[in-house]
Amino acid sequence: MAAVTVAVSAACASSNGGESEASCEYRVEYDKRMYSDVSHAEFKIGKKLGPAVFPPCDDSSDDGGGRASPDWTVAYAIEGVDPSIAIAVDDAPDDVLFVAVDSESDLPSEIKKLIKGS
């Protein structure tokens with residue numbers, strides 16, 4: 001497997017008259033865990049894990065009800081990292097690395113060593 005270099009972080013936002021109404025972080029849900037994107041990492045993609053979903057943004061107006069449908073994708077393991085910590089997905093721009101959301105701590109050491117310059 002080839003190494004993947006990541007340098008993408010995405011978010012969407014809508015505004016009205018200079019005020020931000022809502023924003024949508026670039027996240028994916030897999031195995032009942034939410035993951036956020038991390039940029040500037042180098043990693044190798046491991047085995048296919050199964051289905052994952054990009055949750056819809058609450059601020060989408062495409063469906064007339066203010067909430068878009070979720071988009072399904074496939075989750076993959078990261079070599080040397082437990083999937084409960086980080087995954088990759090095949091529909092992410094530039095093969096973004098997704099790290100499990102944990103609001104009480106910094107990035108796990110397994111992820112820090114994958115990020116350039118850390």
Side-chain angles (χ1 to χ4, degrees):
M1 302 252 167
V4 177
T5 301
V6 178
V8 173
S9 180
C12 60
S14 64
S15 62
N16 185 10
E19 288 185 40
S20 178
E21 292 176 351
S23 66
C24 181
E25 293 184 54
Y26 191 52
R27 292 186 171 197
V28 65
E29 184 177 350
Y30 168 72
D31 196 28
K32 299 180 184 175
R33 284 185 295 277
M34 192 64 68
Y35 296 79
S36 287
D37 65 314
V38 172
S39 61
H40 306 295
E42 292 183 1
F43 58 93
K44 291 184 181 181
I45 295 175
K47 70 177 184 173
K48 181 178 177 178
L49 297 171
V53 66
F54 292 110
C57 292
D58 288 332
D59 59 349
S60 173
S61 60
D62 293 340
D63 65 357
R67 187 162 176 90
S69 298
D71 292 321
W72 290 92
T73 188
V74 176
Y76 293 89
I78 302 298
E79 285 189 12
V81 180
D82 188 291
S84 68
I85 296 172
I87 59 171
V89 294
D90 64 1
D91 290 341
D94 297 324
D95 300 313
V96 169
L97 171 71
F98 286 89
V99 177
V101 175
D102 182 356
S103 61
E104 296 182 22
S105 66
D106 200 9
L107 287 175
S109 60
E110 297 94 325
I111 303 306
K112 286 182 180 180
K113 71 181 182 183
L114 299 175
I115 298 173
K116 288 182 177 181
S118 60

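No hydrogens, no waters, no symmetry mates; every other heavy atom, side chains included, goes into these values. Computed from a prediction, not measured in an experiment: that's the story for all the values here.
For the pair Tyr76 and Val74, the minimum side-chain heavy-atom distance is below 4.5 Å. Using a 4.5 Å cut-off on side-chain heavy atoms (C-beta onward), Tyr35 and Val101 make no contact. Here the side chains of Pro55 and Pro70 are not in contact, with every heavy-atom distance at 4.5 Å or above. Proximity of Leu97 to Ile111: side-chain heavy atoms (C-beta onward) are separated by under 4.5 Å at one or more points.
Val99 and Val53 end up in different hydrophobic clusters when Ile, Leu, Val, Met, Phe, Trp and Tyr side chains are linked at under 4.5 Å.
Contact between Ala75 and Tyr30 at its shortest, heavy atoms only, is CB-CD1, 3.7 Å. Listed here is the closest heavy atom pair of Ile85 and Glu110: CD1-OE2, 3.4 Å.
To the nearest 0.5 Å, atoms CD1 (Ile87) and CD1 (Ile45) are separated by 11.0 Å. The distance from atom OH of Tyr26 to atom CZ of Phe54, rounded to the nearest 0.5 Å, is 4.0 Å. Of the inter-residue distances, the one linking Asp31 atom CG with Leu49 atom CG reads 8.5 Å to the nearest 0.5 angstrom. Between atom CD of residue Glu29 and atom OG1 of residue Thr73 there is a gap of 13.5 Å, rounded to the nearest 0.5 Å. Atom CZ of Phe43 is separated from atom CD1 of Ile78 by 4.5 Å, given to the nearest 0.5 angstrom. Distance check: Phe98 CZ to Arg27 CZ gives 10.5 Å after rounding to the nearest 0.5 Å.
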Derivation of the side chain to side chain contact (heavy atoms under 4.5 Å, CB included) call for Leu114 and Glu42
CA-CA 5 Å; Leu114 299 175; Glu42 292 183 1; 5.9 Å; no
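Qualifying side-chain contact (heavy atoms from CB on, under 4.5 Å) partners for Lys32, counting only residues two or more places apart in sequence or in other chains: none. Take Asp82 and apply the salt bridge (Lys or Arg N to Asp or Glu O under 4.0 Å) test, not counting sequence neighbours, and it matches no residue.
Between Lys48 and Asp90 there is no salt bridge, since no side-chain N of the basic residue sits under 4.0 Å from a carboxylate O of the acidic one.
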